[in-house]
Amino acid sequence: MMPSIVLTGEVEDMTYEELAVQWRTYDRIPCHTSGSTGMPKEILLSKTEMLNSARRTVEYFGINENDLLYSCISPDYIGGKMMFVRQQYIGCEFQWEEPTNRPLEKYEGKTISLLSVVPSQMIYILDNLATMPEIRNILVGGSAIPATLRKRIYDSGVNAFESYGMTETASHIALRKIDMLSAPFKTLGNITVEDDNGALRINMPGWQTIVTNDAAEILSPTEFHILGRLDNIIISGGKKINPEKVEEILSSKLDFPFFITSLPDEKWGERLVIVAQTDNKNIEFIQEACNSIEDGFLRPKQIIIKEKLSLTPNGKIIRKI
C-alpha cells in the first residue's frame with residue numbers, strides 16, 4: 001500500500017507536484033539560500049546528500065513508516081524541501097499546508113510525529129494549544145527564536161527543537177531542544193565541528209567541509225554554541241561588538257521585531273543603532289531597555305522606528321536601514 005501524501009493548498013511559487021516532478025527527474029535539486037545576508041543564490045544539492053540529511057533527522061526523532069510528517073513552510077526553501085525528502089526516505093504519510101500565520105487551523109487528523117514551522121507560526125500554536133492536535137516533535141527554524149518566545153515554548157512543555165544548518169548543508173546539521181538553559185547544539189550522525197580562526201567549520205564525512213560565517217564556542221567535536229555572524233561584527237570605539245549578543249539581551253525586554261546595526265560616527269567610528277518595528281510611543285520604553293544593559297559599549301546610541309522591517313520569504317530579518 002502506498003503511503004498517503006496530502007497537499008492542502010499551493011505553497012508560494014512552488015507546489016508539491018512540481019517538487020515531486022523535480023525529485024523524479026533530476027539527480028540534483030535546485031535550492032535557494034535565504035537572502036538574509038545578500039542576494040539569494042541558487043545551488044544544486046545531490047539527492048544522495050539530501051537523503052543522508054533526511055536519514056539523520058529520521059533517526060534522531062525515531063520516525064517510521066507509520067508516522068505523519070507535516071509541514072507549514074514553503075518547499076521553495078530548504079526546510080520545506082527536506083520535509084518532503086524525509087517522507088521519501090522513510091515512506092510515511094506526509095501533509096503540507098499553505099504557509100500562513102495560523103498553522104493547523106483547519107487540521108483534523110492523526111497525531112503528527114514531526115511538524116515544521118517558523119517562529120511566527122509557533123506563536124499561533126502556543127496561543128491555541130487547547131485546539132491543537134497531538135504533536136510529538138516540532139522543528140522551529142528559518143530565523144532566530146526571541147527570548148520571550150523561547151520562554152513561552154519552555155513553559156508550555158511542548159517538545160520543540162531549534163535547528164542549526166543552511167541550504168548548503170541540506171538543512172540542519174545540529175539540533176537542540178528549546179529551553180531556558182541555552183543548551184548547546186548537538187550534531188547529527190557523524191558530523192563534527194571545529195574552530196577555524198574564529199569561524200565554525202562543519203565537517204561532513206564523505207561529502208564536504210564548510211567554513212561558515214558564524215562565530216561559535218566549540219565545546220566538543222559534536223557540541224557548540226552559536227555566538228553570531230562574523231560578517232555582522234560592528235567595531236565601535238575600537239571594540240568588536242556582536243549585534244546578535246545585544247539582540248539576545250534586549251529580546252527578553254522587547255516583544256516587537258527589531259535588530260541591531262550601525263551607522264558611521266565621527267567619535268566612535270560606528271555607533272550602535274536599534275531598528276524597531278513599532279510606533280513612536282515606545283521610544284522611551286526602548287531607551288529604558290537599552291539603558292539597562294550593563295556594558296556601556298553594548299548600549300545602542302540611536303533608535304530608529306520603522307512601520308515594517310524587511311523580511312526574507314521565510315521570515316528572516318534583512319539587516320538594512
Side-chain angles (χ1 to χ4, degrees), residues 1-35 40-100 103-104 106-107 109-118 121 137-139 141-142 163 165-173 175 188-191 204-208 210 312-314:
M1 181 177 177
M2 292 295 290
S4 169
I5 303 176
V6 179
L7 175 70
T8 59
E10 291 191 355
V11 279
E12 300 218 350
D13 295 329
M14 173 170 277
T15 63
Y16 158 73
E17 289 89 354
E18 291 167 338
L19 178 57
V21 168
Q22 283 186 351
W23 189 258
R24 292 194 301 267
T25 305
Y26 304 113
D27 291 328
R28 297 202 294 171
I29 304 300
C31 304
H32 293 85
T33 59
S34 67
K41 61 181 180 180
E42 181 178 278
I43 62 174
L44 296 174
L45 290 177
S46 78
K47 286 167 60 175
T48 298
E49 295 310 326
M50 294 177 83
L51 286 167
N52 282 337
S53 174
R55 172 183 52 78
R56 289 190 289 266
T57 301
V58 163
E59 290 177 353
Y60 182 89
F61 289 109
I63 295 167
N64 61 51
E65 64 274 11
N66 299 315
D67 288 329
L68 168 65
L69 304 181
Y70 198 104
S71 177
C72 298
I73 58 179
S74 170
D76 275 323
Y77 294 91
I78 191 64
K81 282 181 170 62
M82 286 307 303
M83 288 297 286
F84 163 75
V85 178
R86 289 163 197 145
Q87 184 276 331
Q88 292 292 299
Y89 175 78
I90 201 65
C92 61
E93 295 182 47
F94 181 46
Q95 292 193 37
W96 296 97
E97 69 174 52
E98 182 178 359
T100 71
L104 299 171
K106 299 179 180 178
Y107 176 76
K110 64 187 284 186
T111 296
I112 297 171
S113 297
L114 183 63
L115 174 72
S116 184
V117 297
V118 297
Q121 294 171 326
N137 302 289
I138 304 177
L139 272 177
S163 61
M166 56 206 73
T167 305
E168 292 88 339
T169 58
S171 187
H172 50 256
I173 59 98
L175 294 169
L188 305 184
N190 61 351
I191 295 172
M204 307 180 74
W207 183 22
Q208 63 177 337
I210 293 179
T312 66
N314 63 341

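Bear in mind the structure is a predicted one, so any value in this text is a computation, not a measurement.
- Expressed to the nearest 0.5 Å, how far OG of Ser53 lies from CD1 of Ile191 amounts to 7.5 Å.
- Atoms CD and OG, from Glu98 and Ser74 in turn, are 10.0 Å apart once rounded to the nearest 0.5 Å.
- Looking at Tyr107, its side chain does come within 3.5 Å of a backbone N or O of Lys110 through a donor-acceptor pair.
- When atom types are taken as modelled, the side chain of Gln87 and the backbone of Glu93 share no donor-acceptor pair closer than 3.5 angstrom.
- Side-chain contact between Ile112 and Gln95: absent, with no pair of heavy atoms (C-beta onward) separated by less than 4.5 Å.
- Taking every heavy atom of both residues into account, Leu139 and Leu175 meet most closely at CD2-CD2, 3.6 Å.
- Put simply, the side chain of Leu114 reaches to within 4.5 Å of the side chain of Thr57, judged on heavy atoms.
- Partners of Glu49 by side chain to side chain contact (heavy atoms under 4.5 Å, CB included), not counting sequence neighbours, listed by chain and number: Ser46, Asn52, Trp207.
- Counting only heavy atoms from C-beta outward, the side chains of Thr48 and Leu51 never approach each other to under 4.5 Å.
- Considering only heavy atoms from C-beta on, Gln88 stays 4.5 Å or farther from Phe94 through its side chain.
- Listed by chain and residue number, nothing satisfies the side-chain hydrogen bond (donor to acceptor under 3.5 Å, both in side chains) test with Lys47 (two or more places apart in sequence, or in another chain).
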| message | Could you go through Leu45 and Lys81, starting from their C-alpha distance and side-chain angles, then the distance that decides it, and tell me whether this counts as side-chain contact (heavy atoms from CB on, under 4.5 Å)? | response | CA-CA 11 Å; Leu45 290 177; Lys81 282 181 170 62; over 6 Å; no

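- When every heavy atom of Ser163 is checked against every heavy atom of Gly141, the shortest pair comes out as OG-CA, 3.9 Å.
- Between the CE atom of Met50 and the CZ atom of Arg28 there is a distance of 12.0 Å, given to the nearest 0.5 Å.
- Put simply, the side chain of Phe61 does not reach to within 4.5 Å of the side chain of Asp67, judged on heavy atoms.
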| request: Tell me, with the steps shown, if Leu44 and Tyr26 meet side-chain contact (heavy atoms from CB on, under 4.5 Å). | output: CA-CA 10 Å; Leu44 296 174; Tyr26 304 113; over 6 Å; no

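- With hydrogens and angles disregarded, no donor-acceptor distance shorter than 3.5 Å links the side chain of Ser171 to the backbone of Met82.
- Ring-plane geometry between Phe84 and Trp23 is classed as perpendicular, the angle between the planes exceeding 60 degrees on a 0 to 90 degree scale with a lower cut at 30.
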| Would Ile78 and Glu168 satisfy side-chain contact (heavy atoms from CB on, under 4.5 Å), going step by step from the backbone distance to the final call? | CA-CA 9 Å; Ile78 191 64; Glu168 292 88 339; over 6 Å; no

| query | Going through the distances and angles, do Ile173 and Ile210 end up as a side-chain contact (heavy atoms from CB on, under 4.5 Å)? | reply | CA-CA 11 Å; Ile173 59 98; Ile210 293 179; over 6 Å; no

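- A distance of 10.0 Å separates CG in Leu188 from CZ in Arg55, rounded to the nearest 0.5 Å.
- The distance from the CG atom of Leu68 to the OG1 atom of Thr111 is 8.5 Å, given to the nearest 0.5 Å.
- Contact of the Trp96 side chain with the Leu19 side chain is registered, since non-hydrogen atoms from C-beta on lie closer than 4.5 Å.
- Rounding to the nearest 0.5 Å gives a distance of 3.0 Å between CD1 of Ile73 and OG of Ser116.
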